[in-house]
Undergrad: 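Structure below; questions to follow.
Here, residue 1 is the first one in the sequence, and each next residue gets the next number. Bear in mind that the values here come from a model prediction, so they are computed numbers and not experimental data.
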Amino acid sequence: PYTQDHGNPTPPISYGRKTERIRPGDTILYYDPVFTAGDKRGRRETTVLEVRGNNKDMRLVLENAAVLADEQPICRVKTLHKGRLIPHPGVFRHVSEYVLRSAKISPALEKVL
């Protein structure tokens, strides 16, 4: 299963059915497409502020203001649970392969993050 990393610091890419959900407050990892594949300088970690499930142009509103295409592989590395960020052993999936239900982060939680 994808929860075993076998010493690999980067989670694997998975192409399966949509079961994993991205929520506001989650921390995601992705590699900036400006850099060559595998270049450590392109590694980005950011917080999801809003999910716009029906908006094809910009499905995720991110803290670092990046705009990710539907084909961009991302990995959820931390999830917001009861107001606390906890580690998540996610896998890389394309943005379009996640369950994306429209939601915004609450102003109170935004202050905590």
Undergrad: For Ala103 and Pro24, work out which heavy atoms get closest and say how close.
TA: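 For Ala103 and Pro24, the tightest heavy-atom pair comes out as O-CG, 3.4 Å.
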Undergrad: Heavy atoms, side chains only, cut-off 4.5 Å: are Leu62 and Leu49 in contact?
TA: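 They are not in contact (no side-chain heavy atoms under 4.5 Å apart), so the answer is no.
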Undergrad: Does Asp32 have any side-chain hydrogen bond (donor to acceptor under 3.5 Å, both in side chains) partners at least two apart in sequence or in another chain, and if so, which?
TA: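 Residues passing side-chain hydrogen bond (donor to acceptor under 3.5 Å, both in side chains) with Asp32: none at all.
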Undergrad: Roughly how far, to the nearest 0.5 Å, is the NE2 atom of His88 from the CG atom of Leu29?
TA: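 Between atom CG of Leu29 and atom NE2 of His88 there are 13.0 Å.
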Undergrad: Once you round to the nearest 0.5 Å, how far does CZ of Arg84 lie from CD1 of Ile86?
TA: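 Taking CZ in Arg84 and CD1 in Ile86, the distance rounds to 8.0 Å.
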Undergrad: Excluding sequence neighbours, so at least two apart, what forms side-chain hydrogen bond (donor to acceptor under 3.5 Å, both in side chains) with Asn64?
TA: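 Checked Asn64 against side-chain hydrogen bond (donor to acceptor under 3.5 Å, both in side chains); matches are Tyr30.
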Undergrad: Return the CD1 to CD distance between Ile74 and Glu45, rounded to the nearest 0.5 Å.
TA: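 It is 12.5 Å, given to the nearest 0.5 Å.
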Undergrad: To the nearest 0.5 Å, what is the distance between NZ on Lys40 and OH on Tyr31?
TA: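 Reported to 0.5 Å precision, the distance equals 9.0 Å.
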Undergrad: Among all residues two or more places apart in sequence or in another chain, which pass the side-chain contact (heavy atoms from CB on, under 4.5 Å) test with Ser96?
TA: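 Checked Ser96 against side-chain contact (heavy atoms from CB on, under 4.5 Å); matches are Asp70, His94.
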Undergrad: Using only atom types and a distance under 3.5 Å, with no angle test, would you say the side chain of Arg59 pairs donor to acceptor with the backbone of Gly53?
TA: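 Yes, because the side chain of Arg59 sits within donor-acceptor range (under 3.5 Å) of the backbone of Gly53.
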Undergrad: Less than 4.5 Å apart, any side-chain heavy atom of Arg101 and any of Val51?
TA: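 No, too far: nothing below the 4.5 Å cut-off.
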Undergrad: Side-chain contact, heavy-atom cut-off 4.5 Å: Leu80 with Val48?
TA: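 No; the side chains remain at least 4.5 Å from each other.
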Undergrad: Taking side-chain hydrogen bond (donor to acceptor under 3.5 Å, both in side chains) as the definition, give me every residue that meets it alongside Arg52, ordered by chain and number, with sequence neighbours left out.
TA: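 Listed in chain order: Glu50.
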Undergrad: Quick one: closest heavy-atom pair of Val95 and Ala69, and the distance?
TA: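 That would be CG2-O, 3.5 Å.
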Undergrad: With the side chain counted from C-beta on, respond yes when Ile28 and Leu68 share a heavy-atom pair under 4.5 Å apart, and no when they do not.
TA: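 Side-chain contact under 4.5 Å: yes.
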Undergrad: What's the shortest heavy-atom distance between Tyr98 and Cys75, and which atoms?
TA: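 Here Tyr98 and Cys75 meet closest at OH-CA, 3.7 Å.
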Undergrad: Does Arg23 have any side-chain contact (heavy atoms from CB on, under 4.5 Å) partners at least two apart in sequence or in another chain, and if so, which?
TA: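 For Arg23, the residues satisfying side-chain contact (heavy atoms from CB on, under 4.5 Å) (neighbours in sequence not counted) are Arg21, Asp26, Arg76.
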Undergrad: With rounding to the nearest 0.5 angstrom, report the OG1 to NZ distance, Thr27 to Lys78.
TA: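 Answer for the OG1-NZ pair, Thr27 versus Lys78, is 5.5 Å.
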